[in-house]
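Everything below concerns the one structure shown next.
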Amino acid sequence: VNEYAKALNDSPLYEKRIISFGGIWPYTENYKKDIDFILSLNLKGIKFHPEYQGFTIDDERFFPLYEYALSKGLILIFHAGADIAFEGPLHSSPRQFRRIAEAMGGGVIVAAHLGGHLQTEEALQDLAGSSVYVDTSMGFDFYGKENFLKMVKLHGADKILFASDSPWSNAKAEID
């Protein structure tokens, strides 16, 4: 997966407009080796999906992995909130993202889907004003323009990243 991400990043088709991140199994026995491999490929970050990977994001067993990745300048992006393929309980929440960011004390942590898919109110309450970045992936059909504008006002436009979630959402519609 990581070698494929590097190949996409190196492809002239993307012209540096799309940056693929690496992936890591959170239960890996040698996270430093795995992160160093991601770094050797010049990938800029690591994507986690707590539902598919079956881990609770603020389980402190994973903090050394996060700390090491962040110390190397990698961005950590997480699927946040509900996923259509899974029933609860969820493995992430806006409050848990804030807890991680406070424990890490720096680095770039991104909670996708405006901080939590189908957790808009919690994201507004728990992430606004925090150091956690949120993105717009698969958003406007679910959280709407009004909640997006609330997040911009409360959290700041500098902490909101444009993202798409193809094929689940239409990037052109989200740009508009």
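By convention here, the first residue in the shown sequence is residue 1.
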Side chains of Asp158 and Tyr133: does their closest heavy-atom pair fall under 4.5 Å? no

Out of curiosity, Phe63 CZ to Arg99 CZ, how far, rounded to the nearest 0.5 Å? 4.5 Å

Side chain to side chain, Phe62 and Ile57, heavy atoms closer than 4.5 Å: no

Is the backbone of Leu8 close enough, under 3.5 Å, to the side chain of Ser11 for a donor and an acceptor to pair up by distance? no

Between Leu65 and Ile35, which heavy-atom pair has the shortest distance, and what is it? O-CD1, 3.7 Å

Are the side chains of Phe162 and Thr136 in contact, using a 4.5 Å heavy-atom criterion? yes

To the nearest 0.5 angstrom, please state how far the NZ atom of Lys47 sits from the CD atom of Gln53. 9.0 Å

A side-chain contact here means heavy atoms from C-beta on lying under 4.5 Å apart; do Phe78 and Val132 qualify? no

Closest non-hydrogen contact found for Thr120 with Tyr143 is OG1-CB, 3.4 Å

Could you tell me the separation between the CD1 atom of Ile77 and the CD1 atom of Ile46, rounded to the nearest 0.5 Å? 12.0 Å

The test is side-chain contact (heavy atoms from CB on, under 4.5 Å); show your working for Glu3 and Phe37 and say whether it passes. CA-CA 10 Å; Glu3 289 172 347; Phe37 179 66; 3.6 Å; yes

Is there any salt bridge (Lys or Arg N to Asp or Glu O under 4.0 Å) pair reaching into residues 31-42, and which pairs are they, with sequence neighbours excluded? none

What closest approach, in Å, do Leu70 and Gly106 show between heavy atoms, and which atom pair accounts for it? CD1-O, 3.7 Å

What's the spacing between Ile100 CD1 and Glu67 CD if we round to 0.5 Å? 11.0 Å

Full working for side-chain contact (heavy atoms from CB on, under 4.5 Å) between Leu74 and Phe21: CA-CA 9 Å; Leu74 291 170; Phe21 281 14; over 6 Å; no

Atom CD1 of Ile84: over 12 foreign heavy atoms under 6.0 Å: no

Answer yes or no: does atom CZ of Arg95 have more than 12 heavy-atom neighbours from other residues, nucleotides or ligands under 6.0 Å? no

In terms of hydrophobic clusters joined by side-chain contacts under 4.5 Å, are Leu154 and Met151 together? yes

Are the side chain of Asn9 and the backbone of Ser20 linked by a donor-acceptor contact shorter than 3.5 Å? yes

From Lys44 atom NZ to Leu39 atom CG, the distance as rounded to the nearest 0.5 Å: 9.5 Å

Less than 4.5 Å apart, any side-chain heavy atom of Ser130 and any of His155? yes

For a 4.5 angstrom cut-off between non-hydrogen side-chain atoms, does Leu90 reach Glu51? yes

Mark yes when over 12 heavy atoms from residues, nucleotides or ligands other than Tyr27 sit less than 6.0 Å from its OH; otherwise mark no. yes

Go through Arg98 and Leu127 one step at a time and tell me if the side-chain contact (heavy atoms from CB on, under 4.5 Å) criterion holds. CA-CA 6 Å; Arg98 187 176 193 124; Leu127 294 180; 4.2 Å; yes

Please tabulate, for side-chain N and O atoms in residues 107-118, each donor-acceptor pair with protein atoms closer than 3.5 Å (sequence neighbours left out).
residue : atom : partner : partner atom : Å
His113  : ND1  : Ser137  : O            : 3.0
His113  : ND1  : Ser137  : OG           : 3.0
His113  : NE2  : His79   : ND1          : 3.1

Note, Ile24 side chain near Phe48 side chain (heavy atom, < 4.5 Å): yes

Test item: Asp126 and Gln96 side chains (from C-beta on) under 4.5 Å apart, heavy atoms: no

Main-chain N/O of Gly81 paired with Ser92 side-chain donor or acceptor, under 3.5 Å: yes

Linking I/L/V/M/F/W/Y whenever their side-chain heavy atoms sit closer than 4.5 Å, directly or via other members, would Val1 and Ile38 fall into one cluster? no

Any link between Tyr31 and Leu41 through a network of hydrophobic side chains (Ile, Leu, Val, Met, Phe, Trp, Tyr) touching at under 4.5 Å? yes

Value rounded to 0.5 Å, distance of OG in Ser71 from CE in Met104: 11.0 Å

Can you get from Tyr66 to Ile75 by hopping between Ile, Leu, Val, Met, Phe, Trp and Tyr side chains that sit under 4.5 Å apart? no

Under 3.5 Å donor-acceptor, Asn2 side chain and Gly23 backbone: yes

